[in-house]
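In what follows, every heavy atom counts, from backbone to side chain, and hydrogens, waters and symmetry copies are set aside. In the text below, chain A, chain B and the rest are named by the order of the sequence lines, each starting its count at 1.
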2 protein chains.
Amino acid sequence: MARVDRLVNHRRKLRRGEHLYRAGNPLAVLYAIRSGFMKTCALHDDGREQVAGFHMMGDLLGLDAISSGRHMCDAVALEDSEVCEIPFAYLEQLSRELPSLQHQLHRIMSREIVRDYGVMLLLGTMKAEERLAAFLLNLSQRFAARGYSATEFNLRMTREEIGSYLGLKLETISRAFSRFQQDNLIEVRHKHVRIRDPERLRLLIGQQCP
Amino acid sequence: MARVDRLVNHRRKLRRGEHLYRAGNPLAVLYAIRSGFMKTCALHDDGREQVAGFHMMGDLLGLDAISSGRHMCDAVALEDSEVCEIPFAYLEQLSRELPSLQHQLHRIMSREIVRDYGVMLLLGTMKAEERLAAFLLNLSQRFAARGYSATEFNLRMTREEIGSYLGLKLETISRAFSRFQQDNLIEVRHKHVRIRDPERLRLLIGQQCP
DNA sequence: CGTTGCATTGAGGAAAATCAAGTTGAGTGG
DNA sequence: CCACTCAACTTGATTTTCCTCAATGCAACG
């Protein structure tokens with residue numbers, strides 16, 4: 001137990017806007033988010049970038065770097081945040097001795113893969129408003145799982161970042177928000193969102209294009 | 001070494017069209033493809049599905065199931081194929097004793113995560129023809145890495161499956177193929193593709209929209 | 001109190017989806 | 001071997017969706 005403690009001993013604080021790591025940085029440690037809110041951005045050679053995910057308390061970052069020993073995306077704090085540094089080599093060593101730790105690590109990596117499949121489904125098959133609905137419900141659920149309100153929260157990211165994540169332009173996000181508000185699905189004012197009708201939001205996602 | 005051999009001892013043959021596993025199946029083994037060609041499909045509750053990846057010799061399938069103990073997607077053979085069954089529990093056990101095996105497993109899972117980021121980038125930021133160009137170059141590269149021709153190969157999947165993977169409709173794929181052929185980038189006749197100008201295909205991807 | 005960065009809204013245009021015929025080729029059975 | 005069938009593919013016309021461009025609004029901050 002003492003040794004597991006040592007695994008998560010080192011903390012690091014980040015100011016809003018600060019990079020936790022950048023693509024190309026060598027892998028040294030994984031990061032468990034203790035507090036705050038972050039985004040990861042996948043980058044293409046030609047300069048294009050896309051938000052690959054939004055991350056909050058309890059999420060583990062840096063798994064992309066294990067394959068090559070270098071990070072393959074950027075991680076940026078969207079608000080002041082605190083992370084735990086987990087030396088990867090030590091994590092591997094310890095997980096050889098602790099089967100439950102080992103299995104936990106595998107489950108976390110697998111969960112990331114499953115999450116990515118969900119994003120692909122969203123990007124590949126959904127219309128703009130379906131994407132935003134799915135995004136809001138996902139956020140809602142994750143806040144709820146952490147003990148925050150499922151129906152009322154502040155967005156930490158800009159419309160542009162939401163758009164990037166959902167494969168849409170910021171204007172499209174803005175219009176979808178306005179439309180949801182008109183339809184009494186949500187109340188939205190700047191970064192603040194209140195979900196008024198989660199059930200109809202959920203239905204909205206199911207609408208195949210006919 | 002004998003024990004590593006035992007790890008990959010069991011084979012399974014699949015006929016074209018046969019499922020290797022389906023979403024919901026409990027995780028028992030991972031699968032290493034020995035020969036053939038497969039697709040994995042992510043599924044949404046409402047029946048929508050999307051091809052999450054195409055897989056060939058050497059690829060490892062089933063990682064999505066580790067997180068929950070159940071498969072989260074379908075895997076289907078696109079041609080007669082053979083796979084190796086790798087009991088996951090035994091793999092975990094053995095990787096506790098063999099650090100290099102452990103690290104190899106982590107790298108493979110991480111590589112899948114990185115691959116997924118690439119697909120997100122493709123789905124989120126690229127236009128139809130860029131997507132198809134990226135797809136063809138990726139296939140080409142993977143064939144080359146396995147000792148096959150990088151410039152000439154047979155597609156194992158239909159236009160519809162390509163479209164599903166790329167977030168496009170089959171008609172769009174067909175038109176993009178025709179256009180590439182007109183522009184002398186490729187020759188395509190049904191499933192047979194010859195890449196005539198990989199360099200210009202590569203350039204095509206870099207074209208930001210403006 | 002103007003500057004700055006987001007956000008909203010509208011108008012027009014481009015990309016891809018949809019709808020609708022045809023074509024091709026592989027497989028099947030006469 | 002030939003006619004038939006069926007699935008996959010191609011191509012064209014039209015429609016939808018989202019993007020682009022542009023103007024304006026709004027809050028935060030020095």
Consider the side chain of B:S174, meaning its heavy atoms from C-beta on, and name the nucleotide among D:dT10, D:dA8, C:dT24 that approaches it most closely. D:dT10
Using the closest heavy atom to pick a nucleotide of DNA chain D for each, name whichever of A:A128 or A:E171 lands nearer the 5' end. A:A128
From the set D:dC19, C:dT8, D:dA27, return the single nucleotide nearest to any side-chain atom of A:S178. C:dT8
If I compare all heavy atoms of B:C41 with all of B:E49, which pair ends up nearest, and what's the gap? SG-OE2, 3.5 Å
Using a strict cut-off of less than 4.0 Å between a Lys/Arg side-chain nitrogen and an Asp/Glu carboxylate oxygen, indicate whether A:E82 and A:R12 qualify as a salt bridge. no
I want to check one thing: is the phosphate of C:dA7, taken as OP1 and OP2, less than 4.0 Å away from some side-chain N or O of A:K191? yes
Checking only heavy atoms, does the side chain of A:R175 share a donor-acceptor pair with the base of D:dT20 at less than 3.5 Å? yes
Under 4.0 Å between any heavy atoms, over every strand shown, what does B:G167 touch: base, sugar-phosphate, or nothing? Just pick one. sugar-phosphate
Pair A:E199 + A:R202, salt bridge at N-O below 4.0 Å: yes
Carboxylate-amine/guanidinium contact A:R115 A:E112, below 4.0 Å: yes
Can you work out whether B:E160 or A:L168 has the more 5'-proximal nearest nucleotide on DNA chain D? B:E160
Does a side-chain N or O from B:K169 land closer than 4.0 Å to OP1 or OP2 of C:dC19, or not? no
